[in-house]
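Notes follow once the structure below has been shown.
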Amino acid sequence: MAQYLTIVVIDVTFMFTMAVRRKLKFGVGLVHTWKEHFIIAPLYSLLLSIFSTFISSKSGIIYRFYHLLYFLVIDYFLIKVRFVKINYSAFLQFVPWHLLVIYVSRLVHKEIFSNSKEKT
């Protein structure tokens with residue numbers, strides 16, 4: 001649970017900063033309201049955080065690749081169905097952001113479970 005909540009906080013914070021800088025906005029239809037954005041963005045972060053929590057328990061570079069691929073496919077799908085408004089430069093910022101989340105989720109997982117093994 002601690003790992004999941006850590007990832008959620010990091011991801012929601014990033015979504016908020018991107019929205020404030022007017023780089024991205026979630027919504028339905030042609031006009032995306034702030035109300036829609038602040039309902040959908042946390043759901044997006046929760047979805048990505050659930051996946052990150054489960055996949056980070058797997059060791060190996062192939063799982064990090066799957067992790068990144070999952071993030072990019074979700075982003076691409078949301079852009080194609082016009083569920084998110086994002087400019088090209090902001091989309092490019094998502095790749096390093098997703099890599100950071102992948103790294104942090106694995107790091108947090110290792111830290112939590114290495115500490116729990118030492119105590120038992």
Side-chain angles (χ1 to χ4, degrees):
M1 188 57 111
Q3 176 186 3
Y4 169 74
L5 292 174
T6 301
I7 297 166
V8 169
V9 168
I10 292 169
D11 214 31
V12 169
T13 303
F14 177 71
M15 290 295 127
F16 178 75
T17 58
M18 292 292 282
V20 168
R21 294 173 45 215
R22 301 198 185 280
K23 299 285 186 178
L24 128 118
K25 197 170 187 184
F26 287 92
V28 180
L30 294 176
V31 178
H32 295 185
T33 67
W34 285 109
K35 182 179 178 183
E36 289 175 330
H37 174 80
F38 286 111
I39 292 170
I40 297 169
L43 296 174
Y44 169 82
S45 295
L46 293 172
L47 176 71
L48 294 184
S49 298
I50 288 169
F51 184 78
S52 293
T53 301
F54 287 116
I55 198 83
S56 66
S57 65
K58 311 280 188 204
S59 62
I61 192 75
I62 192 72
Y63 290 106
R64 304 300 78 80
F65 175 73
Y66 290 153
H67 202 162
L68 180 61
L69 185 63
Y70 173 79
F71 283 169
L72 295 177
V73 166
I74 293 293
D75 291 346
Y76 181 77
F77 174 76
L78 292 175
I79 291 168
K80 279 299 183 190
V81 296
R82 296 194 170 129
F83 210 60
V84 62
K85 286 184 182 176
I86 188 169
N87 62 30
Y88 183 72
S89 66
F91 181 74
L92 292 179
Q93 292 175 5
F94 267 57
V95 174
W97 172 251
H98 288 323
L99 290 172
L100 177 67
V101 169
I102 291 167
Y103 173 76
V104 168
S105 64
R106 182 66 181 156
L107 185 69
V108 169
H109 174 81
K110 288 169 122 178
E111 187 63 31
I112 289 171
F113 288 99
S114 71
N115 286 337
S116 67
K117 289 178 184 175
E118 290 173 2
K119 293 178 181 179
T120 57

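We use all heavy atoms of the structure for the numbers below, so side chains are in, but hydrogens, waters and symmetry mates are not.
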Does a side-chain heavy-atom distance below 4.5 Å link Val101 with Leu48? no
Counting C-beta onward and ignoring hydrogens, is there a side-chain heavy-atom pair between Leu107 and Glu111 closer than 4.5 Å? no
List the atom of Thr53, the atom of Ser56, and the distance in Å for their closest heavy-atom pair. O-OG, 3.1 Å
For Leu43 and Ile39, work out which heavy atoms get closest and say how close.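 Reported closest heavy-atom pair: CG-O, 3.4 Å.
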Identify whether [X] and [Y] are in the same connected component of the hydrophobic contact network (ILVMFWY, side-chain heavy atoms under 4.5 Å).
| X | Y | result |
| --- | --- | --- |
| Tyr63 | Ile61 | no |
| Trp97 | Ile102 | yes |
| Ile62 | Phe54 | no |
| Val108 | Phe113 | yes |
| Leu100 | Phe65 | yes |

Atom CZ in Arg106, atom NZ in Lys58: separation rounded to 0.5 Å?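 Answer for the CZ-NZ pair, Arg106 versus Lys58, is 10.5 Å.
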Would you give the length of the straight line joining atom CZ of Arg64 to atom OG of Ser59, rounded to the nearest 0.5 angstrom?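 Taking CZ in Arg64 and OG in Ser59, the distance rounds to 7.5 Å.
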Partner of Ser45 by side-chain contact (heavy atoms from CB on, under 4.5 Å), out of Val9, Ile10, Asp11: Asp11
Kindly write out the residues that satisfy side-chain contact (heavy atoms from CB on, under 4.5 Å) with Thr33, not counting sequence neighbours, or none if the list is empty.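 Only Lys35, Glu36 meet the side-chain contact (heavy atoms from CB on, under 4.5 Å) criterion with Thr33.
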Phe94 atom CZ: more than 12 heavy-atom contacts under 6.0 Å: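 Buried by this count: over 12 neighbours within 6.0 Å.
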With a cut-off of 3.5 Å and sequence neighbours excluded, list every side-chain donor-acceptor pair involving residues 15-29.
| from | atom 1 | to | atom 2 | distance (Å) |
| --- | --- | --- | --- | --- |
| Thr17 | OG1 | Thr13 | O | 3.4 |
| Thr17 | OG1 | Phe14 | O | 2.8 |
| Lys25 | NZ | His32 | O | 2.8 |

Just to verify, what does Ser49 make a side-chain hydrogen bond (donor to acceptor under 3.5 Å, both in side chains) with, not counting sequence neighbours?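 Not a single residue meets the side-chain hydrogen bond (donor to acceptor under 3.5 Å, both in side chains) criterion with Ser49.
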Give the ring-plane orientation class for Phe38 versus Trp34, where under 30° counts as parallel, over 60° as perpendicular and anything between as tilted.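 The rings of Phe38 and Trp34 lie parallel, inter-plane angle below 30°.
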Residues 66-78 side chain polar contacts: donor-acceptor under 3.5 Å, at least two apart:
| from | atom 1 | to | atom 2 | distance (Å) |
| --- | --- | --- | --- | --- |
| His67 | NE2 | Ser52 | OG | 2.8 |
| Asp75 | OD1 | Tyr44 | OH | 2.3 |
| Asp75 | OD2 | His98 | NE2 | 2.5 |

